Amino acid sequence: MTAWLPDETTLHHGNAPRHHGGASRRRTDEDADIFAVLREQAGNRTAQVTAAGAAWLAGASAYPRSTLAQWESHPSAPGVLPCGSAFDVVNVPTLFGRRMLEHLWADGPGSGPVATHRGRMLLFASPGTAQRLPSLLDWEEWGSGPGTRSGRDPVGPDEDGPRVPPLLCHGTGDAVTVPPLTCGPSASGPRWVVAPDIRNPWLPGPDVLLWACVRVARSAPAPAPRISIFPPTDQGAKVYDVSRRR
């Protein structure tokens with residue numbers, strides 16, 4: 001992964017030439033060869049789902065060829081892929097995830113593919129991360145214990161200090177929704193932030209994501225003190241019960 005995928009550079013699906021038997025012809029949107037489209041546009045855009053990236057995604061399924069055929073027939077439809085073999089996914093709140101990416105790209109080794117879906121950010125990670133990252137967060141006292149998957153309230157080293165929000169870690173036995181290979185700039189639903197563009201993309205491990213989580217939590221501004229409109233109470237004042245009458 002070498003570049004961000006701005007919304008305006010998302011791939012647009014349309015008619016594309018395909019060579020067959022030495023002759024070229026245009027096909028309709030319904031039966032276009034999506035991988036020919038990806039190859040044709042690869043030289044013009046640096047951050048996009050390429051044919052190699054699509055092949056890597058399909059490799060996570062039990063039937064890669066069937067998955068590729070389905071994407072070729074419906075390139076603008078999102079897909080569902082299992083985790084645990086080719087990748088794990090760490091699911092974080094969008095704002096926290098964007099701050100993680102800022103640290104990963106500015107001060108760290110970068111990131112793997114990243115997508116957004118339903119107000120959350122999906123960071124693709126190396127297999128095994130879903131099992132190890134919650135344990136590392138708990139060990140460093142930055143996690144939320146069993147709530148890392150169930151969504152309990154976040155905690156940190158200090159109850160009043162910085163915190164890491166609940167993380168949803170998807171590994172073996174889980175499946176995630178992945179964005180379509182092509183979508184318009186106004187399309188709703190899942191979208192790629194960093195799209196897979198090579199056959200074997202680098203994926204961050206639990207140690208890298210732990211570092212990014214802690215960096216974001218420590219860089220968060222301290223909560224503002226609460227200001228009361230009432231004057232402070234006098235701790236030494238005597239209180240009389242006037243509710244009773246003699």
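For reference, positions follow the sequence shown, starting with 1. From a predicted model like this one, the values you see are computed outputs, not experimental measurements.
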Within a strict 4.5 Å, meaning less than it, do heavy atoms of the Leu104 and Val208 side chains meet? yes
Flag the pair Arg120 / Leu168 as yes when at least one side-chain heavy-atom distance between them is below 4.5 Å, and no otherwise. yes
Do Pro201 and Phe124 touch side chain to side chain, with heavy atoms closer than 4.5 Å? no
Would you say Phe96 and Val216 make side-chain contact, with heavy atoms under 4.5 Å? yes
Can you confirm whether the side chains of Ser61 and Thr67 place a donor and an acceptor under 3.5 Å from each other? yes
Side-chain (Asp88) to main-chain (Ala130) donor-acceptor, under 3.5 angstrom: yes
Backbone N/O of Ser135 and side chain of Asp138: donor-acceptor pair under 3.5 Å: no
Note: Val49 and Ala54 closest approach over all heavy atoms is CG1-N, 4.1 Å
Would you please indicate yes or no on a ring centroid separation below 6.0 angstrom for Trp202 and Phe87? no
Just so I know, are the side chains of Ser126 and Pro206 near enough to count as touching, which here means a heavy-atom distance under 4.5 Å? yes
Where the side chain of Thr129 meets the backbone of Ala125, is there a donor-acceptor pair that is under 3.5 Å apart? no
Arg191 side chain to Thr116 backbone, donor-acceptor under 3.5 Å: no
With a 4.5 Å limit on heavy-atom distance, are the side chains of Leu101 and Leu123 in contact? yes
